[in-house]
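What follows is one structure encoded as structure tokens, with my remarks underneath.
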Amino acid sequence: MPELPEVETVRRTLEPKILKRRILDTEVHYPRLLQNCTESELVSYLQSRRFVKLDRRGKYLIAVLDSGSRLVLHLRMTGRLTALPSGLPLEKHTSLQIHMDGDLELRLVDQRKFATLHLLHESGYGAIKGLATMGVEPLDSGFTPEYLKAQLEGRTASVKSVILDQRRIGGLGNIYADESLYRAGIFPGKPGGSLTFDEIQRLHTSIRAVIREGIRFRGTTFRDYVDGDGKSGGFQERLQVYGKEGETCRGCGRPIARIKLAGRSSYYCAYCQV
Ligand SMILES: [Zn+2]
């Protein structure tokens with residue numbers, strides 16, 4: 001699933017291409033993508049409008065229109081949003097096409113069809129629970145060791161499941177959580193409330209570093225993810241544990257292990273992470 005660095009990379013690659021262009025036509029190939037409007041409402045609302053800004057919050061992309069209304073897209077498992085020259089052949093699993101002037105097309109291709117799109121006319125995010133309740137993001141100034149401590153305090157749930165909770169930390173997902181815990185030397189199954197302040201500070205530092213590097217290397221392509229130009233990311237070359245069960249830990253030479261926590265695979269080194 002695209003996480004914060006991937007969605008931020010999509011935002012950065014798309015924004016300069018799509019802003020200020022006039023929307024000529026919109027085609028919805030998978031109407032269930034639309035969460036709070038009909039196909040005809042979306043098509044007629046977008047007609048002749050322009051995007052003036054492309055924002056991101058957590059794993060959501062927020063495209064602001066010249067009217068002030070916003071399109072809010074979550075790519076979920078397999079969504080790919082790219083800006084392409086007009087007229088390329090339609091790919092299988094194309095959910096949405098927004099045709100713009102200057103021969104550009106914004107296209108959403110989504111194999112698993114879990115992506116969601118909201119058209120918001122009102123301010124705030126009340127209509128989208130995941131956005132309305134989202135916690136601070138790793139690179140926000142509010143994400144401090146003290147904030148992380150408050151999230152973990154008293155929790156019997158694993159530290160991994162606490163830091164994946166989007167209400168506590170916005171945008172962190174499975175890949176970057178595993179990499180952060182590895183760098184911090186913390187076992188992902190350790191109860192959140194049992195971490196010492198020293199461990200919390202290490203985890204805080206490693207979460208920020210991993211997210212920054214993820215953005216710098218333009219995201220991680222494990223299966224489906226591509227940026228707004230259709231290019232793969234580069235952070236998969238730098239992963240140390242995620243997806244590496246049985247491979248050698250760079251720290252100690254022992255094999256990387258995998259366990260299930262809260263229904264998700266967690267990759268870790270049983271020797272380096274305690
Ligand atoms: Zn190790």
Side-chain angles (χ1 to χ4, degrees), residues 1-17 54 56 58-61 74-84 91 108-112 115 137-139 143 159-160 163-164 166 169-188 202-261 264-273:
M1 183 197 271
E3 302 180 25
L4 192 162
E6 289 74 40
V7 180
E8 177 61 20
T9 304
V10 171
R11 190 196 72 74
R12 289 181 184 188
T13 47
L14 285 181
E15 188 176 49
K17 289 187 160 184
L54 187 58
R56 179 195 55 74
K59 304 173 192 173
Y60 290 85
L61 279 169
H74 197 303
L75 297 169
R76 300 290 167 192
M77 298 290 288
T78 58
R80 295 173 160 207
L81 186 69
T82 53
L84 314 160
E91 297 147 279
L108 174 67
V109 177
D110 183 16
Q111 194 195 342
R112 300 281 298 275
E137 298 187 20
L139 301 183
F143 185 67
V159 55
K160 169 83 181 276
I163 65 173
L164 280 183
Q166 300 296 296
I169 306 177
L172 196 64
N174 214 24
I175 297 174
Y176 296 94
D178 279 3
E179 294 297 314
S180 300
L181 287 161
Y182 174 77
R183 287 195 193 188
I186 297 167
F187 173 58
R202 287 198 327 251
L203 182 57
H204 171 264
T205 301
S206 65
I207 289 173
R208 286 175 74 107
V210 162
I211 292 291
R212 272 209 196 91
E213 280 175 44
I215 294 172
R216 183 150 64 90
F217 288 91
R218 304 172 47 263
T220 302
T221 297
F222 215 72
R223 289 189 195 90
D224 300 283
Y225 162 74
V226 291
D227 69 12
D229 296 322
K231 292 185 193 139
S232 295
F235 195 69
Q236 61 278 6
E237 313 292 337
R238 306 182 72 83
L239 295 174
Q240 303 202 43
V241 283
Y242 184 82
K244 297 195 177 291
E245 184 182 13
E247 292 182 36
T248 304
C249 169
R250 290 186 203 175
C252 70
R254 294 175 174 83
I256 301 295
R258 177 170 69 99
I259 46 163
K260 284 255 178 188
L261 288 171
R264 313 284 301 275
S265 279
S266 288
Y267 299 90
Y268 68 104
C269 172
Y271 182 78
C272 297
Q273 292 173 260

Could you check whether any side-chain N or O of [X] sits under 3.5 Å from a backbone N or O of [Y], counting only pairs where one atom can act as donor and the other as acceptor?
X      : Y      : value
Thr221 : Ser232 : no
Glu6   : Met1   : no
Gln111 : Thr78  : no
Arg202 : Ala184 : yes
Asn174 : Ser265 : yes
Glu245 : Gly243 : no
Arg11  : Leu54  : yes
Gln273 : Cys269 : yes
Arg80  : Asp224 : yes

Minimum heavy-atom separation for [X] to [Y], with atom names?
X      : Y      : answer
Lys59  : His74  : CB-NE2, 3.7 Å
Ile207 : Pro138 : CG2-CB, 3.7 Å
Leu261 : Ser266 : CD1-OG, 3.6 Å

Can you name the residues that form a ring pair (Phe, Tyr, Trp, His ring centres under 6.0 Å) with Tyr242, not counting sequence neighbours? Phe222, Tyr267

Straight-line distance of [X] [atom1] to [Y] [atom2], nearest 0.5 Å:
X      : Y      : atom1 : atom2 : answer
Thr248 : Gln240 : OG1   : CD    : 13.0 Å
Arg208 : Phe143 : CZ    : CZ    : 7.5 Å
Ile163 : Leu181 : CD1   : CG    : 4.0 Å
Leu4   : Tyr60  : CG    : OH    : 13.5 Å
Glu3   : Thr9   : CD    : OG1   : 11.5 Å
Ser180 : Ile211 : OG    : CD1   : 6.0 Å

Are [X] and [Y] close enough for a salt bridge, meaning some N to O gap below 4.0 Å?
X      : Y      : answer
Arg216 : Glu213 : no
Lys17  : Asp229 : yes
Arg183 : Glu179 : no
Arg56  : Glu137 : yes
Asp227 : Arg218 : yes

Please report whether the ring centroid of Phe187 lies less than 6.0 Å from that of Tyr268. yes

Within 45 degrees of the ring normal and closer than 6.0 Å to the centroid, is that where the cationic atom of Arg238 sits relative to Phe217? yes

Checking Leu139 against Ile215 for the side chain to side chain contact (heavy atoms under 4.5 Å, CB included) test, could you report, in this order, the C-alpha distance in whole Å, the side-chain angles of both residues, the deciding distance, and whether it holds? CA-CA 11 Å; Leu139 301 183; Ile215 294 172; 3.9 Å; yes

Audit row: Lys244, Leu239, side chain to side chain contact (heavy atoms under 4.5 Å, CB included) steps and yes/no: CA-CA 8 Å; Lys244 297 195 177 291; Leu239 295 174; 4.0 Å; yes

So with a 6.0 Å cut-off around CZ of Arg112, is the heavy-atom count from everything else above 12? no

Hey, mind stepping through Leu164 and Ile169 against side chain to side chain contact (heavy atoms under 4.5 Å, CB included) and telling me if it holds? CA-CA 7 Å; Leu164 280 183; Ile169 306 177; over 6 Å; no

pair Pro255-Cys249: side-chain heavy atoms closer than 4.5 Å: no

With heavy-atom distances below 4.5 Å as the criterion, would you say the side chains of Leu108 and Leu75 are in contact? yes

Tell me, with the steps shown, if Lys160 and Asp178 meet salt bridge (Lys or Arg N to Asp or Glu O under 4.0 Å). CA-CA 8 Å; Lys160 169 83 181 276; Asp178 279 3; 2.7 Å; yes

For a side chain to side chain contact (heavy atoms under 4.5 Å, CB included) check, start with the C-alpha distance between Tyr182 and Ser206, then their side-chain angles and the critical distance, and finish with the verdict. CA-CA 9 Å; Tyr182 174 77; Ser206 65; over 6 Å; no

Check: Thr220/Tyr176 side-chain N/O donor and acceptor closer than 3.5 Å: yes

